[in-house]
Every structure is written in structure tokens, then in C-alpha cells.
2 protein chains.
Amino acid sequence: MARTPAPGSRETILTAAAGLFYEHGVRAVGMAQVVEAAGCGKNLLYRHFPSKAELAAAYLALVRRERERSADEALRWATGPRDRLIALVGEIADLVRRPGYRGCAFRNYLTEFRGDDDTPARAAKAYLEDTRAEVDRLVGELGGDELLADRIWLIVNGLYAGPPSQADVAVDWVKELVSPER
Amino acid sequence: MARTPAPGSRETILTAAAGLFYEHGVRAVGMAQVVEAAGCGKNLLYRHFPSKAELAAAYLALVRRERERSADEALRWATGPRDRLIALVGEIADLVRRPGYRGCAFRNYLTEFRGDDDTPARAAKAYLEDTRAEVDRLVGELGGDELLADRIWLIVNGLYAGPPSQADVAVDWVKELVSPER
DNA sequence: ATAGACTCGGACCGATCGGTCCGTTAAGCC
DNA sequence: GGCTTAACGGACCGATCGGTCCGAGTCTAT
């Protein structure tokens, strides 16, 4: 079974905060709620995370780790840029289909704090840019032009926003786009 | 020249609130800021809008009126479902390209208040459903299948989310999708 | 001039925000 | 058992939240 992290540990607090932040939004969740969900004292929370902004940044970093782990696993068995692109979009589709899906954590944060340029906002932007760059790289390996990369990125953004019922449409479309024309 | 609305009027207050809500987000803007921007007293604000939720609902209703006016104008000269679909997406592209674009007001609200089911949230959902239904209707008139409607909706969602530089890509793609195959 | 209606600005309310601090309690460790 | 360490829970802080209320001032109509 999975190792149970010690109560009051940094990991426990961060997990509790991440769940609340993702479900309700960072702005909507107060530090008191985080403390209550984590089952620890405010004291300990502020020892691990000196401010709400740093807790939010750690939340986004945690989500990024999870996303990258999931993406790495999805891309493990994909060989070549074509399969890797399909796997990349398919992995996002799996995320969107998951019950309790509430949108992309990074896009959500940038919507909640639009205009801000604090640490978590920069982390969110960095993730989006890196993902976009990954799409560009794979399309380049595949020999595709910038238009193809733009179109796939358009689908990815639409996939993140849209209802889960659109996930299959997005994946199938990308498969079609990256398949050699008959 | 444009008629200047009376200071302290409902229209003046709503316009000021709408600008702040759209730029910074509804949660991030306090009623005191609205009052300050509107140049009126709190008294008058709460006479016209009995609560912040009602002000937010009026803000979304205002945006909806503007969006529908702009869409009607864009669709005025389009004849037939093909041109109307292209015009519909092109009008959204114009919005996205506008300086100061901060995303779709309705999607932003639903992100900020995810999980809530108050009056403004229902208004936002209704707008999105109506727009999606409009796409379905036009695709149906054109003789397209559900897949085409899903794909166009995917592009629309991606267009709203993506950087303005993607606007042309989205419009050109929709043109290609609805054009009769050679 | 005077009365009335209306507005602004701000004081004010209870609640909650992020964040600090401390008394109590409990868990090690010798 | 006694000592140390540390976490919990909550009181507490100033600021801000949405929302109410009132005094002072303005304008108009008579």
C-alpha cells in the first residue's frame, strides 16, 4: 500500500491545500480552511509555507510534477514524434475525462489572478510555455510546419476548456492531423 | 457624439463595474473600488444593485448584450450557414485580437466561481450553451454532422483561450472545414 | 427663501481575510 | 519520572470584505 505521509508533514499540508485550491480556486480558499483540511495548526502551515503565495506556488509545482510524471508515463511507450504527439494529447484527454476535473490548474490560476506577476503566476506561464514548446518540438521532429503546431495547440487549449465529451474528438482529430496523408 | 450618461446613473455604474470585473476578475474587485471608479456613493450603487451577485449578473448581461450586438452585426452580411459560421468565428477572433483582451467573461466567471450555482453562474452557462447551440444549428443547416460541430466548438474554445496570434489560425481553419471539398 | 428630494462621502457593522503569537498538551528521550 | 521539544488549537492583529446607515451638502421647484 502507499506510504502514509506523517500528519502535519509538508506533504500532507500541500496535498490538502492542492485539493482545495484546485476544486474551489485559490482565491476562494482561505488559509483557515487549509489548516482545517490538513488537520494541523496554523503554526506548522506557516513554518512550511511562509505565505499564501508560496503555498500557491508549491501547489502549482506539485501539479506540474504530477502532470509531468503522468505525461512521461504516457510517452514512455510511444516511439517517434507522431505517436508521442498522439500520446501527449491523449494524456490530456484522460485528465479531462477524470471525474472532478475542474480545468487546467495553471490556466485557472492565471484567470483568477490575471494581471498579477507573482511567483505562482510565473510558474503557471512557464508551464504553458514549456508545453507549447514541447508541441513545437515534436511537430518539428515530425517534419510539420508551424501551422500544424498552431492547430494542435488550438486543439489542446480547446480540450482543456471543453466538456469531457469532447475529449475523444480532440484525440481523434490529432491522430488524423499527424497521420501521413493517403 | 455619443450621449454621455448621467453620472451616478445605473448605466455609468454598470460600465465602471464591468471594466473592473473584466480586467481584474469579479472576486478581485471590491465594491469600494466600483464606487470609486463610478464616482458615486455606495448608497446609489446599492440602490441600483442590491448585492454584488446582482451586480455581477448585470455585468454578464451587459457583456452578453454587447457580444450579441457585435455578433449580429458580423452576421448581418453573411448569407447561408457557411458564411455565417465563418463570420461567427471571425467575430470571436476580432474580440481576441482586441488590445486588453482578458479571455471570455463568461468562462472567466465560471472559473472564478466554479462550483457555485448563483444567478451570474447560470447566466454564464446559459450563454455558453446558447452559443454552442448556435454552432450546432448552423452546422445542421450546412448539412454537417455532429463531428463537424464538435470540431468547430473545439476551435472556438481554443480560440478564446489561446494567444491572439492564434486567431488567424482558428478562422482559416474553420473556413477550410466548412468549405466544400474539392 | 424655503422645503423637499437626492447624492456624496464616509462612518460604521459583523464577518472574514492573511498572518502572528502563545498557552496547553503530548510525544519522545535520557 | 523529569526534561526537552514541538505541534495543536485558538486567541489575537490589522486590513479588507460586502453591506447599512447617516450627516452634510446640492439642486430644483415652488
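Proteins get letters first, then strands, A, B, ... in listed order; numbering begins at 1 in each.
Salt-bridge annotation for A:R137 and A:E134: present, with a side-chain N of the basic residue lying under 4.0 Å from a carboxylate O of the acidic one.
Rounded to whole Å, atom C1' of C:dG9 lies 14 Å from atom CG of B:L45. Here C:dT7 presents its C1' atom at 18 Å from CZ of B:R10, a figure rounded to the nearest Å. Rounded to whole angstrom, the span from the CD1 atom of B:I13 across to the P atom of C:dG9 amounts to 12 Å.
The ring-ring contact (aromatic ring centres under 6.0 Å, His included) pairs that include a residue from residues 122-167 of chain A are A:F106-A:Y127, where partners are two or more places apart or lie in different chains. Within the structure, salt bridge (Lys or Arg N to Asp or Glu O under 4.0 Å) pairs that include any residue of residues 144-169 of chain B comprise A:E176-B:R151, B:R97-B:D168, B:R132-B:D150 (at least two apart or interchain). Evaluation of the salt bridge (Lys or Arg N to Asp or Glu O under 4.0 Å) test over residues 43-54 of chain A, restricted to residues two or more places apart or in two chains, returns none. Residues in residues 116-128 of chain B take part in these salt bridge (Lys or Arg N to Asp or Glu O under 4.0 Å) pairs, two or more places apart or across chains: B:D117-B:R122, B:D117-B:K125.
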Contacts table for residues 20-28 of chain B: side-chain donor-acceptor under 3.5 angstrom, sequence neighbours left out:
residue, atom, partner, partner atom, Å
B:Y22, OH, B:R102, N, 2.6
B:Y22, OH, B:G103, N, 3.3
B:Y22, OH, B:G103, O, 2.7
B:R27, NH1, B:E112, O, 2.8

Hey, can you pull the donor-acceptor pairs under 3.5 Å for the side chains in residues 77-90 of chain B, sequence neighbours left out?
residue, atom, partner, partner atom, Å
B:R82, NE, B:V178, O, 2.5
B:R84, NH1, B:A78, O, 3.2

Counting primed atoms, P, OP1 and OP2 as sugar-phosphate and everything else as base, the B/S/- map of nucleotides 16-21 of chain C against protein heavy atoms under 4.0 Å is -SSBB-

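Partners of B:E66 according to the side chain to side chain donor-acceptor pair (under 3.5 Å) rule, which considers only residues two or more places apart in sequence or in another chain, do not exist here.
Proximity of residues 112-123 of chain B to DNA chain D (heavy atom under 4.0 angstrom from any strand atom) is not detected for any residue.
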